A.B. asks: 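If you scroll down you'll find the structure; I have some questions about it.
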Amino acid sequence: MNSERETISILVVDDEEGIRRNLRRYLERLGYEVTVAADGHQGLAELRRRAFDLAFIDFAMPKMTGIELIQRMRTHYPNVIPIGMSGYWKSFDLEACSLDDRSFLRKPFTLAQISEILESYLTA
């Protein structure tokens with residue numbers, strides 16, 4: 001998946017500082033390069049700045065929802081794998097983003113679930 005770059009690069013977009021901080025810490029311990037953004041607009045700015053392999057995106061954010069961000073990513077950044085996150089999801093949210101169950105984390109999630117998703121996408 002990542003033949004030009006040695007390190008897997010991950011974007012975390014969530015309006016909850018604790019989730020951004022904890023995901024960043026965990027993913028960096030696993031050896032990934034991690035960038036965080038507090039909302040969809042910041043997430044788009046980061047996507048314009050550099051290439052990412054995967055993005056964890058909260059569905060429920062102010063200014064621009066994660067669903068809107070994922071829809072824009074599908075058009076402008078199709079090589080980035082989006083993983084949706086939410087505690088308040090509905091099946092139409094997944095359909096709106098063209099995500100399947102494998103591409104979605106229900107909050108609260110465990111670090112083991114993060115590892116499973118990473119393994120399913122990045123070792124394929």
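Nothing here was measured: the structure is a model prediction, and the numbers come from that model. We use all heavy atoms of the structure for the numbers below, so side chains are in, but hydrogens, waters and symmetry mates are not.
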A.B. asks: Evaluate R50 against S9 for side-chain hydrogen bond (donor to acceptor under 3.5 Å, both in side chains), listing each step before the verdict.
C.D. replies: CA-CA 9 Å; R50 56 169 305 175; S9 185; 2.9 Å; yes
A.B. asks: State the CZ-CG distance between F56 and L27, to the nearest 0.5 angstrom.
C.D. replies: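 So the gap between those two atoms works out to 6.0 Å.
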A.B. asks: Strictly distance-based, threshold 3.5 Å: is any side-chain N or O of E68 a donor or acceptor partner for the main-chain N or O of T65?
C.D. replies: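 A pair under 3.5 Å: yes.
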A.B. asks: When rounded to the nearest 0.5 angstrom, what distance separates CD1 in I67 from CG in D58?
C.D. replies: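 I67 atom CD1 to D58 atom CG measures 10.0 Å (nearest 0.5 Å).
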A.B. asks: Does any non-hydrogen side-chain atom of I83 lie less than 4.5 Å from one of F104?
C.D. replies: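 F104 vs I83: side chains apart.
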A.B. asks: Is any side-chain heavy atom of T35 closer than 4.5 Å to one of F52?
C.D. replies: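 A side-chain contact under 4.5 Å exists here.
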A.B. asks: Does a side-chain heavy-atom distance below 4.5 Å link Y77 with R48?
C.D. replies: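 In contact.
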A.B. asks: Keeping the roles fixed (side chain from Q113, backbone from T110), state whether a donor-acceptor pair exists under 3.5 Å.
C.D. replies: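 Answer holds: yes.
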A.B. asks: For the pair R20 (side chain) and V36 (backbone), establish whether a donor and an acceptor sit closer than 3.5 Å, ignoring hydrogens and angles.
C.D. replies: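 Such a contact is absent between R20 side chain and V36 backbone.
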A.B. asks: Are any side-chain N or O atoms of R24 and backbone N or O atoms of V34, one a donor and one an acceptor, separated by less than 3.5 Å?
C.D. replies: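 Confirmed, R24 side chain pairs with V34 backbone.
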A.B. asks: Just so I know, are the side chains of I10 and E33 near enough to count as touching, which here means a heavy-atom distance under 4.5 Å?
C.D. replies: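 No, too far: nothing below the 4.5 Å cut-off.
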A.B. asks: Under a 4.5 Å cut-off applied to non-hydrogen side-chain atoms, are L11 and L47 in contact?
C.D. replies: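 Result yes, sub-4.5 Å side-chain heavy-atom pair found.
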A.B. asks: D53 and Y32: side-chain contact (heavy atoms from CB on, under 4.5 Å), yes or no, with the steps?
C.D. replies: CA-CA 10 Å; D53 297 295; Y32 299 108; over 6 Å; no
A.B. asks: Identify the two heavy atoms, one from T7 and one from G31, that lie closest to each other, and give their separation to 0.1 Å.
C.D. replies: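 Between these two residues, the closest heavy atoms are CG2-O, 3.6 Å.
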A.B. asks: Going from NE2 on H41 to CD on E46, what distance comes out if it is rounded to the nearest 0.5 angstrom?
C.D. replies: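 Separation between the atoms: 14.5 Å.
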A.B. asks: Could you state the interatomic distance from CD1 (I57) to CG (L105), rounded to the nearest 0.5 Å?
C.D. replies: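 So the gap between those two atoms works out to 12.0 Å.
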A.B. asks: Looking only at non-hydrogen atoms, find the nearest pair between L30 and S115 and report the distance.
C.D. replies: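 Smallest interatomic distance, heavy atoms only, reads CD1-OG, 4.2 Å.
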A.B. asks: Pair M64, L44 - check side-chain contact (heavy atoms from CB on, under 4.5 Å), show working.
C.D. replies: CA-CA 10 Å; M64 177 191 300; L44 278 177; 3.5 Å; yes
A.B. asks: Drop me the distance from F109's CZ to M85's CE, to the nearest 0.5 angstrom.
C.D. replies: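 The CZ atom of F109 sits 5.0 Å away from the CE atom of M85.
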A.B. asks: To check you understand the geometry: which heavy-atom pair defines the closest contact between E16 and D14, and what is its length?
C.D. replies: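 Answer, listing the atom of E16 first, then D14: N-OD1, 2.8 Å.
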A.B. asks: Can you check whether P82 reaches L54 side chain to side chain, under 4.5 Å on heavy atoms?
C.D. replies: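 Counting from C-beta outward, P82 and L54 never come under 4.5 Å.
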A.B. asks: Decide yes or no for D15 and D39: does some side-chain heavy atom of the first lie under 4.5 Å from some side-chain heavy atom of the second?
C.D. replies: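 No, too far: nothing below the 4.5 Å cut-off.
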